[in-house]
Amino acid sequence: MKNAEISRLFQEMADMLEFLGDNPFRIRAYRQAARVLADLETPIEDLARQGPNTLEGIPGIGPDLAAKIQEYLQSGKIAAHEELARKVPAGVLEVMRIPGVGPKTAQLLWSRLGVDSLAKLRAALESKRVLELPRFGEKKRLRLLENLALAQSATQRRPLGSVLWRVRELLAAIRGLPQVEQAECCGSVRRYKETVGDLDFLVATRQGEQVLARFTQLPGIADVEAVGENRATVFLEDGLQVDLKIVPPESWGSGLQYLTGSKAHSIRLRKLALEQGLKLNEYGVWKGEKRIAGRDEESVYAALGLPFIPPPLREDWGEIEAAQAGRLPKLVELKDIRGDLQVHSTWSDGKNTLLELAQAAKALGYAYLAVTDHSQSLRIAHGVRVQQMKQRIREIREINERTGAKPYLLAGAEVEILEDGSLDYPDEVLKELEIVLVAIHSHFGQDEKTETRRILKALENPYVHILSHPTCRLIGQRKGIEADWQKVFSRAKSLGKAVEIDGHYDRLDLPDVRARQAGEMGVMISLGSDAHQIDHLRFMDLAVGTAQRAWLGPLQILNTKSLEELLGWLEGVRES
DNA sequence: GCCGTTTTCGGCCCGACTGTTTTCAGTCG
């Protein structure tokens, strides 16, 4: 799939055109096309095969860019990209990525001081030669030096789950400030996007300046980048950027909408407003000078003739059209979840005993919990040996008796899919288990055909219920395996089996786009926290958020079923 | 460069903050 490659080339072309001072709307067109390509679920080469009209049918792709995509697919390059690369020194693009350096500054630094790398930028800043440039003073010099250091340490987007505890802490601190009427964390966190670039907090208050002054003093804040009347930008000790935006209480809803984004979604809304003779900004929906909505988010959408669109859908992935047509999905919510279908105990690599897990699950109000310890060949995780299995199942039953099966522990396993697609337990063991997950933890490097065959073989074992963390990607660390997902999902569908969204913070696997594809094909989706200790059970929240981003409703999710329904489903899989 | 039940040409989302200015350019979200 070449979508990401072409998207990156268009992005670079936009950067280079910007550096050269080209038409800003042309630049925007390249960025828009880059975004659309990156979000596309279908391989662009499949669409290209259906003829030129199909490519031009993609919003944001016109005749020119369609031709460039074809050119890349045929020749592996885009002549216009190479043409631009000849005019723009390679290192200039990374200089432009330093916060505070835009195209104009980069152009100035390059043409006057020959800056075409981060090393030369540092030298120019440290030697103070930059002060010769127009609109360049000492403050700006120091700020850029600081940003350069920060950029080189921590500007990567991080997994959502790795910042959530920080979000809760900060939100509590902000809500605790005097004069704060309402506060929320917005941005990609509120949309449950799998990675987070920065944190965006919104506060409703009439005393913005006082709130901002206190906010910048909160513990853990290492550096204050900017503070005005209405917003502040700070950095935490680990380099994470945090923005806080102030709106008056009557603008709380429009402020939420604005700060939650996504940018693409907001731009669509603003255009929609203009078409209706209205204006949308963070302070409200306006008819001339008069604010006609903004107190809450529902009113903002209503003023534009739309039902409320839940934040996880706000990506311009068709949610606005669906809203206009009255076809927004009813999304699964955390409160619909009756149990967790992937957890690990001390029988393998988990930190808590079966009993502790049962008690923690009870506190969450779960009706059931599938204990899915690793199978024997996963030595690193102390996989359960065949000869231990009888004893383990006996202990699970004992605990069910002790607790009155509240919650009911299902005897399960996360069974290794071996290199050739065979499973790590013999069928005699599998059939003793009430729920069988299968997963890949090794031999990731196989080609797409081999990997697909491997997964299908595992799925076809009659005792298997669920394909766990299917792509095996680790966010920011491992790309994941190549497989023909269309084939995998279609086989899962015909076998009546489920695929999982693993909510563990570094997995979120299936990813949103793939989960949406599976859901559209009618495959049952199972949610698991993949908890290895009791406080990881809350990763279910991330699994649900990802399911929402995949447009999934409660009926498509296996663990919204009651215990009886679930047991019936599990048996049904084996009978068919 | 894209797009169009107002348009095939003339538009293209909107506002805040900083630093260096003396009214605003550049950058960012």
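Model, not experiment: these values are computed from the prediction.
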Euclidean distance for C1', B:dT21 against B:dA25 (whole angstrom): 9 Å
Rounded to whole angstrom, note down the C1' distance from B:dT8 over to B:dC2. 12 Å
Considering only the P atoms, how many Å lie between B:dG10 and B:dG15, rounded to the nearest integer? 26 Å
Rounded distance in Å - CG (A:Leu17) to P (B:dC2): 13 Å
Sticking with atom C1', work out how far B:dA16 lies from B:dT6, rounded to a whole angstrom. 34 Å
Check A:Ile221 against A:Phe215 and note the closest heavy-atom contact, atom names and distance. CD1-O, 3.3 Å
Using whole Å, what does the distance between atom P of nucleotide B:dG1 and atom CD1 of A:Ile27 come to? 11 Å
Parallel, tilted or perpendicular: which describes the rings of A:His536 and A:His504, with under 30° parallel and over 60° perpendicular? perpendicular
Nearest-angstrom distance, C1' atom, B:dT20 to B:dG26: 11 Å
Spacing between A:Arg26 atom CZ and B:dG10 atom C1', to the nearest angstrom: 17 Å
Do A:Arg291 and A:Ser251 have side-chain heavy atoms sitting under 4.5 Å apart? yes
Quick one: sort the A:Phe10 and A:Tyr30 rings into parallel, tilted or perpendicular, breaks at 30° and 60°. perpendicular
Could you give the distance separating B:dT18 and B:dT23 at their C1' atoms, to the nearest angstrom? 15 Å
With both distances under 3.5 Å as the test, what is the Watson-Crick or G-U wobble partner of B:dC2? B:dG11
Counting only side-chain nitrogens and oxygens, does A:Thr105 get under 4.0 Å of the OP1 or OP2 atom of B:dT27? yes
Whole-Å distance between B:dC28 C1' and A:Leu259 CG? 13 Å
Rounding to a whole Å, what distance do you find between A:Arg191:CZ and B:dG29:C1'? 12 Å
Pick the P atom in B:dT7 and in B:dG11, then give their distance to the nearest Å. 14 Å
Please determine, by modelled atom types, if A:Glu94 and A:Ser117 share a side-chain donor-acceptor pair under 3.5 angstrom. no
Using atom P of each nucleotide, how far apart are B:dG4 and B:dC13 to the nearest Å? 14 Å
Check the distance between B:dC28's P and A:Arg31's CZ and give it to me in whole angstrom. 11 Å
In whole angstroms, the gap separating P of B:dC2 from CZ of A:Arg268 amounts to 17 Å
Base-contact (B) and sugar-phosphate-only (S) positions in nucleotides 11-23 of chain B, heavy-atom cut-off under 4.0 Å, - elsewhere: -BBBSSSSBSS--
Value in whole Å for how far the P atom of B:dG1 lies from CD1 of A:Ile78: 12 Å
Which comes earlier along DNA chain B counting from the 5' end, the contact point of A:Glu275 or that of A:Ile58, where each point is its nearest nucleotide? A:Ile58
Evaluate side chain to side chain contact (heavy atoms under 4.5 Å, CB included) for A:Trp485 paired with A:Thr471, printing each intermediate quantity in order. CA-CA 9 Å; A:Trp485 297 109; A:Thr471 77; 3.8 Å; yes
Would you check if there is a donor-acceptor pair between the side chains of A:Asp243 and A:Thr233 at a distance under 3.5 Å? yes
Look at atom CZ of A:Arg143 and say whether more than 12 heavy atoms of other residues, nucleotides or ligands are closer to it than 6.0 Å. yes
Look at all strands and tell whether A:Pro24 reaches a base, only sugar-phosphate, or nothing, counting heavy atoms closer than 4.0 Å. nothing
Contact class for A:Gln241 (heavy atom, under 4.0 Å): base, sugar-phosphate, or nothing? sugar-phosphate
